[in-house]
Amino acid sequence: MNRVVVTGMGAITPIGNTVEEFWNGIKQGTVGIDFITKFDTEDFEVKLAAEVKGFVAKERMDFKSAKRMSPFSQYAVCAAREAWQQSGLSIDKEEPYRMGVCIGSGIGGLQDMETEGLKLHEKGPSRVKPLLVPMMISNMAAGNVAIDLGLKGKCVNVVTACATGTHSIGEAFRTIQVGDADVMLAGGTEASITPLGVAGFSSLTALNKSTDKTRASIPFDQDRGGFVIGEGAGVVVLEELEHAKKRGAKILAEVVGYGATCDAYHITSPAENGEGAAKAMELAIKEAGAKPEDVDYINAHGTGTHHNDLFETRAIKLALGEAAKEVKVNSTKSMVGHLLGAAGGVEFITCVKSIEEEYIHQTVGTITPDEECDLDYVLGQGVNQPVYLVLTNSLGFGGHNATLAIKKYES
């Protein structure tokens with residue numbers, strides 16, 4: 001099996017629209033949660049979200065192209081461009097049919113579905129815009145990235161709700177491992193802070209109704225009351241090791257394991273004993289050729305809902321055994337909210353930066369963990385320490401579990 005490394009990263013997030021801006025925000029403990037500006041929330045119980053700020057599509061890409069893309073595709077294209085630029089790849093020097101894309105979105109163009117649905121009911125079918133379908137369907141993020149960069153190899157998208165980004169990177173990793181591609185752009189993207197998106201999650205009682213920006217997304221805290229909906233994109237360049245070495249690429253980290261399971265239990269709740277998520281972690285650790293005590297840090301799914309945080313804590317204990325007491329666990333969602341299908345991509349970037357800079361960020365806003373949430377959630381301040389092997393978890397509605405193992409690159 002081919003070894004797979006990371007050579008580029010790009011991000012659009014609620015705390016920065018480049019990886020550098022995002023990571024600086026992470027180190028500073030910046031919380032990107034604020035009152036919703038995208039629509040009037042007067043009739044909504046939920047008032048807060050983690051919106052992308054200062055992103056103007058026509059300043060980042062051709063105006064005509066931007067108009068043909070829903071925001072989730074715009075975010076993906078911009079993140080992909082940043083990752084591509086960092087990687088140093090040039091399409092003119094590569095075989096385009098050996099370069100592919102695996103970028104997913106949990107929902108796709110929800111804004112377009114919403115606005116055009118209203119037009120249909122209020123003004124009739126003739127008023128629905130011709131580009132509705134190619135703007136709303138979730139595969140168009142991958143398609144638009146491939147078109148933008150000229151990538152003619154495998155181009156797919158994974159849709160597994162909140163596990164989408166992690167599964168997308170995992171499936172891209174597998175594609176390179178077995179020799180179906182030399183390079184894959186992979187990750188997740190989402191833009192679902194809309195009336196329907198917020199109302200739907202709110203009706204499900206999944207969202208926190210707090211109006212305190214600093215205490216709205218508080219994973220593992222005894223006072224947690226749901227997640228905060230966010231948006232953005234995280235895209236990385238994965239590359240076959242020898243291909244990267246041959247062209248002299250700077251290698252940021254190595255992907256060494258991928259675990260994917262299903263709870264087969266409930267449409268929204270994880271399995272109560274955490275066995276499905278635990279199995280995904282165990283599979284990733286095994287493929288990495290590691291032992292539980294080798295894991296330095298886990299970037300948890302950590303949404304801030306009662307069930308997720310409790311059952312994921314149980315899963316970590318089940319997967320790591322005694323080593324769970326020593327591992328650092330945090331939640332990037334404490335700062336950027338829950339980016340749904342984009343969460344795994346952005347959190348993967350967090351893990352790579354943690355390895356590079358030997359820094360594990362705090363779980364911001366969390367003060368007093370729940371009684372059964374008794375692991376080291378990195379409270380109060382971040383930790384400077386060597387980071388060699390990291391796990392990142394994502395869990396999605398439908399029982400989807402995904403774990404990636406990432407390690408410091410050694411030749």
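All residue numbers in this chain count up from 1 along the given sequence.
Take Phe55 and apply the ring-ring contact (aromatic ring centres under 6.0 Å, His included) test, not counting sequence neighbours, and it matches Tyr75. Under the ring-ring contact (aromatic ring centres under 6.0 Å, His included) criterion, Phe227 pairs with Phe201, His338, sequence neighbours left out. Annotation: side chain to side chain contact (heavy atoms under 4.5 Å, CB included) contacts of Ala199 (sequence neighbours excluded): Phe44. With sequence neighbours excluded, the residues forming a side chain to side chain donor-acceptor pair (under 3.5 Å) with Ser394 are Thr166, listed by chain and number. Partners of Asn17 by side chain to side chain donor-acceptor pair (under 3.5 Å), not counting sequence neighbours: none found. Partners of Val145 under the side chain to side chain contact (heavy atoms under 4.5 Å, CB included) rule, at least two apart in sequence or in another chain, are Ala76, Val77, Ala80, Val101, Ile103, Leu149, Leu185. Scored by the side chain to side chain donor-acceptor pair (under 3.5 Å) test, Thr305 finds Thr303 as partners (sequence neighbours excluded). Residues passing the salt bridge (Lys or Arg N to Asp or Glu O under 4.0 Å) test with Lys291, sequence neighbours excluded: Asp294.
Looking at Glu347 and His301, their side chains never bring a donor and an acceptor atom within 3.5 Å of each other. No hydrogens or angles considered: a donor-acceptor pair under 3.5 Å links the side chains of Asn157 and Ser138. Under the 3.5 Å distance criterion, with hydrogens and angles disregarded, no donor-acceptor pair is assigned to the side chains of His361 and Thr350. If you check the side chains of Thr7 and Glu239, you find a donor sitting under 3.5 Å from an acceptor. Using modelled atom types and a 3.5 Å distance limit, the side chains of Thr211 and Lys47 yield no donor-acceptor pair.
Screening residues 76-85 for side-chain hydrogen bond (donor to acceptor under 3.5 Å, both in side chains) gives Arg81-Asp148 as the qualifying pairs, with residues at least two apart or on separate chains. Counting only residues at least two apart or in different chains, side-chain hydrogen bond (donor to acceptor under 3.5 Å, both in side chains) contacts with residues 48-59 comprise Thr37-Glu51.
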For residues 267-282, please give each side-chain donor-acceptor pair under 3.5 Å, one per line with the distance, not counting sequence neighbours.
| residue | atom | partner | partner atom | Å |
| --- | --- | --- | --- | --- |
| Thr268 | OG1 | His266 | ND1 | 3.3 |
| Glu272 | OE2 | Tyr265 | OH | 3.1 |
| Asn273 | OD1 | Glu275 | N | 3.0 |

Tell me which donor-acceptor pairs under 3.5 Å the side chains of residues 104-112 have, and how far apart each pair is, sequence neighbours excluded?
| residue | atom | partner | partner atom | Å |
| --- | --- | --- | --- | --- |
| Ser105 | OG | Gly108 | N | 3.0 |
| Ser105 | OG | Thr189 | O | 3.1 |
| Ser105 | OG | Glu190 | OE2 | 2.8 |
| Gln111 | NE2 | Ala191 | O | 3.2 |
| Asp112 | OD1 | Lys129 | NZ | 2.8 |
| Asp112 | OD2 | Ser70 | OG | 2.5 |

